[in-house]
**Q** 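Before anything else, here's the structure in question.
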Amino acid sequence: QVQLVESGGGLVQPGGSLRLSCAASGSNFGIFAMGWYRQAPGKQRELVAAITSGGTTSYVDSVRGRFTISRDNAKSTMYLQMNSLKPEDTAVYYCNKAGGTVASWGQGTQVTVSW
């Protein structure tokens with residue numbers, strides 16, 4: 001049983017930055033590839049950034065160079081540093097496993113990029 005709690009979202013102007021956090025329960029966090037997903041209104045949820053248990057990262061083209069995913073396995077916590085935010089980044093952001101069977105989805109955290 002895994003619980004995921006996202007935090008750190010908010011309202012930011014274009015060009016601004018936010019750092020999202022994902023706190024995971026359990027003691028097996030470090031063995032899983034993890035990722036950040038986002039879902040904008042009327043759109044499908046998409047995986048935007050992923051990180052392996054060893055720290056290898058990957059990004060969808062639309063965020064590469066602007067977002068940085070990281071993890072602290074000792075704290076069972078994952079982060080998403082988002083810089084140079086654009087209005088099209090507006091979405092609810094979720095964390096979950098990036099491979100295999102996903103855990104139950106958390107509430108997500110709203111990111112709104114707007115003037």
Side-chain angles (χ1 to χ4, degrees):
Q1 190 174 50
V2 178
Q3 292 178 312
L4 300 165
V5 180
E6 301 92 347
S7 63
L11 174 64
V12 64
Q13 293 184 357
S17 298
L18 285 172
R19 190 184 76 157
L20 308 184
S21 297
C22 170
S25 67
S27 60
N28 295 323
F29 175 81
I31 72 173
F32 298 120
M34 296 291 295
W36 283 97
Y37 302 75
R38 69 185 181 188
Q39 186 167 28
K43 295 184 178 180
Q44 189 176 34
R45 181 186 283 118
E46 65 170 341
L47 177 66
V48 298
I51 184 167
T52 69
S53 61
T56 301
T57 61
S58 59
Y59 303 90
V60 70
D61 288 344
S62 60
V63 309
R64 188 176 297 109
R66 300 187 298 117
F67 291 9
T68 303
I69 188 172
S70 61
R71 66 194 297 167
D72 186 337
N73 290 338
K75 296 182 177 180
S76 295
T77 303
M78 181 175 63
Y79 307 95
L80 185 67
Q81 178 66 46
M82 304 185 295
N83 299 325
S84 302
L85 283 162
K86 303 175 180 180
E88 49 263 49
D89 295 319
T90 296
V92 178
Y93 284 71
Y94 303 87
C95 61
N96 215 312
K97 297 177 183 177
T101 304
V102 298
S104 297
W105 296 98
Q107 293 269 46
T109 185
Q110 174 73 231
V111 171
T112 303
V113 185
S114 177
W115 295 106

**Q** Which heavy-atom pair separates Leu85 from Arg66 by the least distance, and what is that distance?
**A**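 Heavy atoms only, the tightest pair is CA-NH1, 3.9 Å.
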**Q** What residues join Tyr94 in its hydrophobic cluster, counting side-chain heavy atom gaps under 4.5 Å, either direct or through other members?
**A**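 Other cluster members: Tyr37, Leu47, Val92, Val102, Trp105.
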**Q** Using a 3.5 Å distance criterion without hydrogens, assess whether the side chain of Asn83 forms a donor-acceptor pair with backbone atoms of Ser17.
**A**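 Checking the backbone N and O of Ser17 against the side chain of Asn83, no donor-acceptor pair under 3.5 Å is found.
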**Q** So Val48 and Met82, side chain to side chain contact (heavy atoms under 4.5 Å, CB included) or not? Walk me through it.
**A** CA-CA 11 Å; Val48 298; Met82 304 185 295; over 6 Å; no
**Q** Rounded to the nearest 0.5 Å, how far does OG of Ser58 lie from CD1 of Ile51?
**A**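 It comes to 9.0 Å.
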**Q** What distance separates Cys22 SG from Leu80 CG, expressed to the nearest 0.5 Å?
**A**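 If I round to the nearest 0.5 Å, the distance is 10.5 Å.
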**Q** On a heavy-atom basis, which atom in Tyr59 and which in Thr57 lie closest, and how many Å separate them?
**A**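 Closest pair (atom of Tyr59, atom of Thr57, distance): CE1-OG1, 3.6 Å.
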**Q** Which atom pair, heavy atoms only, marks the closest approach of Leu4 to Cys95?
**A**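 Closest pair (atom of Leu4, atom of Cys95, distance): CD1-O, 3.3 Å.
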**Q** Salt bridge check, Asp61 against Arg64: does any charged N sit closer than 4.0 Å to a carboxylate O?
**A**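 The answer is yes: the pair qualifies as a salt bridge.
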**Q** State the CG-CD distance between Leu18 and Gln81, to the nearest 0.5 angstrom.
**A**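 Here the interatomic distance stands at 8.5 Å.
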**Q** Where is the tightest heavy-atom contact between Ser62 and Arg38, given as atom of each residue plus distance?
**A**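 Heavy atoms only, the tightest pair is OG-NH2, 3.5 Å.
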**Q** From Gln3 CD over to Ser76 OG, what is the distance, rounded to the nearest 0.5 angstrom?
**A**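 Result: 12.5 Å between the selected atoms.
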**Q** Rounded to the nearest 0.5 Å, how far apart are CD1 of Ile69 and OG1 of Thr56?
**A**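 The OG1 atom of Thr56 is 11.5 Å from CD1 of Ile69, to the nearest 0.5 Å.
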**Q** On a heavy-atom basis, which atom in Gly30 and which in Ser53 lie closest, and how many Å separate them?
**A**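 Answer, listing the atom of Gly30 first, then Ser53: O-CB, 3.1 Å.
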**Q** Between atom CZ of Arg19 and atom OG1 of Thr68, what is the distance when rounded to the nearest 0.5 Å?
**A**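 Between Arg19 CZ and Thr68 OG1, I get 12.0 Å after rounding to 0.5 Å.
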**Q** Show, in sequence, the C-alpha distance, side-chain angles and deciding distance for Gln110 and Thr90, and conclude whether the side chain to side chain contact (heavy atoms under 4.5 Å, CB included) test is met.
**A** CA-CA 8 Å; Gln110 174 73 231; Thr90 296; 4.1 Å; yes
**Q** Step by step, work out the side chain to side chain contact (heavy atoms under 4.5 Å, CB included) result for Gln39 and Glu46.
**A** CA-CA 6 Å; Gln39 186 167 28; Glu46 65 170 341; over 6 Å; no
**Q** For a side-chain contact (heavy atoms from CB on, under 4.5 Å) with Leu20, tell me which candidate from Phe67, Trp36, Tyr79 qualifies.
**A**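 Filter result, single survivor: Trp36.
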**Q** Please say whether the positively charged group of Arg71, taken as NZ for Lys or CZ for Arg, lies over the ring of Phe29, i.e. under 6.0 angstrom from the six-membered ring centre and within 45 degrees of the axis.
**A**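 Yes, Arg71 lies over the aromatic ring of Phe29.
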